[in-house]
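Following: one structure in structure tokens, then a few remarks.
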Protein chains: 2
Amino acid sequence: MKSTFVIRQRAFLKLYMLNKAEEGNLYGLQMLDDLQDHFRDLGYRPTKSEVYKSLHDLLNDGLIVRHPIHKQGTEMQTLYIYRIGDKEKVKAYKDTIKFEIDRSISLLKRALQDNYSQKRQ
Amino acid sequence: MKSTFVIRQRAFLKLYMLNKAEEGNLYGLQMLDDLQDHFRDLGYRPTKSEVYKSLHDLLNDGLIVRHPIHKQGTEMQTLYIYRIGDKEKVKAYKDTIKFEIDRSISLLKRALQDNYSQKRQ
DNA sequence: TGATGAACACCATGTTCATGA
DNA sequence: TCATGAACATGGTGTTCATCA
């Protein structure tokens, strides 16, 4: 297996996209807004392109599907609502990501332990 | 302040380099070996170049110093032992890194909470 | 060959530009 | 202007090459 440090931002975002696709009727930029809000207190502000790339990845792999919506109003606006796709794949993907997150937390906690605990003296 | 996802590998390694410089008389490749061993169970295997770059960063910023050692034996081998440099700076740097690690852990734990806890029916 | 280091290449990610309605 | 998307540029990191003893 490839040696990686901690989980990649892309994978982290894809996990959130999946859950947003499961829950509600959100389009891309709404998800972005939600996430920026959700992580503001932790100083993390995901970007537009990462969110779109995450969505495209998931689409390509069949984990989500989307369909176009037309906003009510005089303006015809193209925008896409995302829903869950292949449930098996989603389950499997989430499992891998959970493993990655757990592993990352272990790594970071070990660093705290190794470098910041009281020296026995 | 710049928005970042989780802590960078480089910063993570620099923290370990500092502690290794505080503790013992290790040279570069020994630190690498130690770390690869230390993280093997978590599937993380830092590379030579990352370790060297970390050491060079710390040297440039005065957080560590080094001096050449000659291995006993007929072979004259150039290798460098690292020691702690500016103690104030080290303290300050460690504080920043601790903050970063704590923040990263919070981010990851939030992801577990948000995406893997039982849905209330 | 063992240790240090630089050069290079690749991949993850942020910023800017393009398009349609 | 809003939403989507691609193109481009930068930065982090891994792999390969160079050097010295």
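Residue numbers begin at 1 in each chain, while the letters A, B, ... track the order of the sequences.
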Quick one: is C:dG2 close enough that its OP1 or OP2 comes under 4.0 Å of any side-chain N or O from B:Gln30?
no

Euclidean distance, atom CZ of residue A:Arg10 to atom P of C:dC11 [Å, nearest integer]:
13 Å

Across the strands shown, which category fits B:Gln9 at heavy-atom distances under 4.0 angstrom: base, sugar-phosphate, nothing?
sugar-phosphate

What integer distance in Å separates B:Met31:CE from C:dG5:P?
12 Å

Is there a side-chain contact between A:Gln36 and A:Leu32, using heavy atoms and a 4.5 Å cut-off?
yes

Looking at B:Lys91 and B:Asp95, is any side-chain nitrogen of the basic one under 4.0 Å from a carboxylate oxygen of the acidic one?
yes

Which sits closer to the 5' end of DNA chain D, B:Lys48 or B:Lys53, going by the nucleotide each is nearest to?
B:Lys53

Whichever of A:Asp33 and A:Arg8 has its nearest DNA chain D nucleotide further upstream toward 5':
A:Asp33

Atom CG of A:Leu79 and atom C1' of C:dG20 are separated, to the nearest Å, by 13 Å

Starting from P on C:dT13, measure out to CD1 on A:Ile7 and report it in whole angstrom.
10 Å

Per atom distances to the B:Glu50 side chain, the nearest of D:dG5, C:dG14, D:dG14 is D:dG14

Roughly how many Å is it from CG in A:Leu26 to C1' in D:dA3, rounded to a whole number?
14 Å

Rounded to the nearest Å, what distance is computed from the CZ atom of residue B:Phe5 to the C1' atom of nucleotide D:dG12?
15 Å

Nearest to side-chain heavy atoms of A:Ser49, which nucleotide of D:dT13, D:dA6, D:dG5
D:dA6

Rounded distance in Å - CG (B:Leu29) to P (C:dT4)
5 Å

Mind checking whether B:Leu63 and B:Met17 have side chains closer than 4.5 Å, heavy atoms only?
no

Under 4.0 Å: is that the gap between some side-chain N or O of A:Arg66 and OP1 or OP2 of D:dA3?
no

Do any side-chain nitrogens or oxygens of A:Tyr52 fall under 4.0 Å of OP1 or OP2 in D:dT4?
yes

When you compare the side chain of A:His38 with that of B:Asp114, does any pair of heavy atoms fall below 4.5 Å?
yes

Nearest whole Å is fine: how far is C:dT4 C1' from B:Leu59 CG?
12 Å

Using the six-membered ring wherever Trp is involved, compare the ring planes of B:Phe5 and A:Tyr44 and label them parallel, tilted or perpendicular (cut-offs 30° and 60°).
tilted

